[in-house]
Amino acid sequence: MRILYALLFMITFSGWSQTGKITGKVYFTNNENAYGASVQINGTKNFVVVDNDGQFEIKGLTYGSYNLEISSMEAKPKTVNVVVNRPSLLLNIQLEKATDPKALKEVKIQKKTFKKEIIDKGFAVNVIETEEAAKRNLQINDLLDRSGGVRVRQNGGLGSAVSYNINGMSGNAIRIFIDGVPIQTYGASFSLNSIPPALIERIEVFKGVVPAYLADDSLGGAINVVLKKGAKNSLNASVSYGSFNTVQSNVNATFRDKNGFTVKANAFQNYSDNDYEVWGRWVYNILPNGRYEYIRTKRFESMYRSYGGRLEAGFTNVDWADTFSISYNGSQDYNQIQHGQYMTKPYKGRYGENAANVFSLTYAKKDFLIKKLDFSAVAVYSHKKEFLSDTVKWNYNWNGEKAIGLYGEPILSTTGAQQGAATLNYRTANVFNTRVGLTYSINENHKVLANVMTHIFDQNELDRMKPELIRNFDVTRDLTKIVSSFGYEMSAFESRLRASLFVKNYDLDNTEIKPIIVNENGQNTIGSEVSSKNTNFTGYGIAGSYTLFPKVMAMFSAEKAIRLPTEDEVFGRPGENILGNTNLGPEQSNNFNAGFRFGPYEINHHKITFSGNGFLRNSKDKIVRQISIRLNEAVQATPFVNLGEAQSVGFETSLQYSYNNRLFGGINLSKFNSLYKDKYDSNGNILPYYNKQLPNEPYFTVNGNLQYNFRNVIQSKSELNLYYYCGYVAPFYTSWLEIDRTSAQFPQDLGLSYVFPNKQFTVSFDARNILDEQVYDNFAAQKPGRAFYLKINYNLNKF
């Protein structure tokens, strides 16, 4: 922390010199904007890309003479000599379109994409681009689930709880971010699927080892959704309708004036009855005589709806800030809860509601105060509300009817409601999250950085079904987490060798005050029970890559990682059937990755990229959801516990192919063993689960996809894209019992999208799980079968 404060408040101004910027417009001889042209300062790596309006800007130039090189795939190269002797220099540059095809072939784009930049640092990472997904009825979780080494695990249909598995590490060991801000800050009503792909620049998936700029306790990996920062005027809207009465829509708009004032607004809506068919060994009715009747039926009370919006205003690309914005994000949802941890006991009348109001302030500036020092800060305040209703006292079967006993009478719940005692539970929480980062470039080959993330959580609870004595007691829960990271990045041997070293400090304080009834002299009085815990650990890591030959790279990364318990794991969450555990300790893991990357190799019109990665995860005090073997018990709610030692060893590979920018194909494979490694209990007895596969860990998955692009179909300048996707999930255990083993899953999808000639309208059709496979993840909770969706997308970029 002292180092960071020194960087923040003890910066010298002695190195300042007069600087200016070059702005301008690049266009062709027919006055058409030269979108995508590159403007580079000769002899340097300093360049920009011309935007849709033909505009460009290069800032931070010391007064002097420069040669600008302008290149475009559509024009002849051009050099312009300029002299920067004032704060701002305005240019208008006209390019001559090239007519000789040979000349076009000689033009090379020298820009290194962020995707390649981050891969070159040596981290085991997937960078998912969303341009194609925005045209289809795909959500972020669909894209993640098709990415190598990632398994998205969902407890049902739209709106159900989601967890993520990355190379054998799962649950909250995987941290989710939106522009570096933990997603839990935004509330349960706002999820990854609430963000339309059209708003996303890219999705970064780090496996095992997480870079310092994402300062958080990401033990098994991290998923960072990076929203588009572009400030061009645009309007995008889409609506889709499909099976199970599913309707999803969103609208997004951006406006920026000449002074840099920028306004962004977006809104989303989701609805689904989720009344898809379920069947199999976990779906049965218990007849009055006790016999199991296995049936195929529809979920009858599983509706989900959510809506929300975001409004952001500020300035972009101005002298005093690259980004300065104030935003508000609001969302609400309503979710009927169909069953507990397993599907053996259907619920009726149990539902939850969530709402969140989130305010944030963002500031980012390159060359902050002094040259080569970049500063970024984000502060987020969130007020969240949760409500859970469970008051229906009868048991129900999968026909949606009251369960009948031996003598023909309806069966009452043994606990008073569908899941435990009757409850009308209200929870309110205030969350404050900040992230501050500094990066200083010593020179082109050396860089240091510091980040501090603070997460403060304060929750109150009231249950109106509790006795009055307890209702009047104010249940409070507080959690404070601070993660500090410091890093160093370097490159050598003409950037063939690149390395990142970092150290992270983790600190957590949590306190819970709840009521207890005390009997004094035969009279009940209310007392308080206080539970508190402090945790502090330090971790460290390294990532590196070496380019052995052109387009052949070896990568290595390692980290001693710490994962702190989350507020839901510590304090519980009734709506997700999670009991609290204030004694839950942190999880530790030594993570290693070693891999390679070949390509992209281009032969005529063929392009191939191949990569592979081996990994090892040695975990201590692994945090897992407690697994029950009593599938029919009345209360299907469990806490998170520290399991002990576990080990995950495996590998993943990925192959990507394209032909003539028309045919695209890819396949990825991930296989690992996630084993329980505690051999003896406290009495020295050999544990029965030693060296066994951990339950609920799909350990062998394969994803494949094909896409073909037809041009000028029906209309000139139109595009028709055909898609095919298939996946394979090997059988896995859902409990410690070997009989609780799923069957293999092989879902397949088909889709098409048609882009109209004006590029403003896109119509897509998707057929999901076309063979109606039985698909499931956590505890064999079944997901939707065969489904069809139609989507219309409208995009306007010039107004």
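FYI, side chains are in, hydrogens and waters are out, and symmetry mates aren't considered; it's all heavy atoms of this structure. The structure displayed is predicted, hence computed values, not measured ones.
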Tell me whether Arg305 forms a cation-pi arrangement with Tyr271, defined as NZ or CZ under 6.0 Å from the six-membered ring centre and within 45 degrees of its axis.
no
Once salt bridge (charged side-chain N to carboxylate O under 4.0 Å, His left out) is applied, what residue pairs with a partner in residues 387-397 remain, sequence neighbours excluded?
Arg350-Asp390
Would you kindly say whether Tyr347 and Glu301 are connected by a side-chain donor-acceptor distance under 3.5 Å?
no
What pairs with Phe537 under ring pair (Phe, Tyr, Trp, His ring centres under 6.0 Å), at least two apart in sequence or on another chain?
none
Ring pair (Phe, Tyr, Trp, His ring centres under 6.0 Å) against Phe324, all qualifying residues, sequence neighbours excluded
Trp320
Going by atom types alone, do Asn430 and Tyr381 pair a side-chain donor with an acceptor below 3.5 Å?
yes
For Gln459 and Thr428, run side-chain contact (heavy atoms from CB on, under 4.5 Å): C-alpha distance rounded to whole Å, both residues' side-chain angles, the deciding distance at 0.1 Å, then the answer.
CA-CA 6 Å; Gln459 184 186 76; Thr428 60; over 6 Å; no
Please step through side-chain contact (heavy atoms from CB on, under 4.5 Å) for the pair Tyr276 and Arg299, ending with a clear verdict.
CA-CA 6 Å; Tyr276 54 88; Arg299 294 166 69 102; 3.3 Å; yes
So, does Thr415 use its side chain to make a donor-acceptor pair with the main chain of Gly420 at under 3.5 Å?
yes
Side chain to side chain contact (heavy atoms under 4.5 Å, CB included) against Ala222, all qualifying residues, sequence neighbours excluded:
Phe177, Val210, Leu214, Ser218
Can you confirm whether Ile295 sits close enough to Val283 that some side-chain heavy atom of one is under 4.5 Å from a side-chain heavy atom of the other?
yes
Under 6.0 Å between ring centres: does that hold for Tyr334 and Tyr304?
no
Residue pairs, two or more places apart or on separate chains, that pass ring-ring contact (aromatic ring centres under 6.0 Å, His included) and touch residues 392-429
Phe387-Tyr426
N/O donor-acceptor pair under 3.5 Å between Asp273 side chain and Asp275 backbone:
no
Under the side-chain contact (heavy atoms from CB on, under 4.5 Å) criterion, do Glu697 and Arg153 qualify, and how do the steps go?
CA-CA 10 Å; Glu697 300 286 355; Arg153 300 161 57 189; 3.9 Å; yes
Test ring pair (Phe, Tyr, Trp, His ring centres under 6.0 Å) applied to Tyr328 - qualifying residues, sequence neighbours left out
Phe359
Contacts of Tyr776 meeting ring pair (Phe, Tyr, Trp, His ring centres under 6.0 Å) (sequence neighbours excluded), chain-then-number -> none
Under 3.5 Å, is there a donor-acceptor pair between the side chain of Gln332 and the main chain of Ser306?
no
Partners meeting side chain to side chain contact (heavy atoms under 4.5 Å, CB included) with Val251 (sequence neighbours left out):
Leu235, Ala237, Ala267
Test of understanding: with side chain to side chain contact (heavy atoms under 4.5 Å, CB included), list the residues that count as partners of Thr246, not counting sequence neighbours.
Leu158, Phe244, Gln248, Ser272, Tyr789
Could you tell me whether the side chains of Thr538 and Asn505 share a donor-acceptor contact shorter than 3.5 Å?
yes
Please assess His455 against Gln184 for the test side-chain contact (heavy atoms from CB on, under 4.5 Å), listing each intermediate value before the final yes or no.
CA-CA 10 Å; His455 181 79; Gln184 64 263 32; 4.2 Å; yes
Within the supplied structure, the quantity of interest is the number of heavy atoms (other residues, nucleotides, ligands) at a distance under 6.0 Å from Glu409 CD; does it exceed 12?
yes
Exercise: do Ser302 and Gln336 side chains pair donor with acceptor under 3.5 Å:
no
Pairwise side-chain contact, Ile337 with Gln419, heavy-atom cut-off 4.5 Å (strictly under):
no
Residues 454-467 vs salt bridge (charged side-chain N to carboxylate O under 4.0 Å, His left out), sequence neighbours excluded, gives Arg427-Glu461, Glu461-Arg477
Answer yes if the side chains of Thr185 and Ser382 hold a donor-acceptor pair under 3.5 Å, and no otherwise.
no
Donor-acceptor pair between Gln154 and Ser160 side chains, under 3.5 angstrom
yes
Does Thr454 have any side chain to side chain contact (heavy atoms under 4.5 Å, CB included) partners at least two apart in sequence or in another chain, and if so, which?
Thr434, Val452, Ile456, Ile482
From Glu277 atom CD to Lys298 atom NZ, the distance as rounded to the nearest 0.5 Å:
6.5 Å
For the residue pair Asn250 and Asn252, confirm or rule out a side-chain donor-acceptor distance under 3.5 Å.
yes
Holding to salt bridge (Lys or Arg N to Asp or Glu O under 4.0 Å), I want the full list of residues that pass it with Arg563, two or more places apart in sequence or in another chain.
Glu569, Glu587
Are Ile203 and Val226 side-chain neighbours, meaning at least one heavy-atom pair lies under 4.5 Å?
no
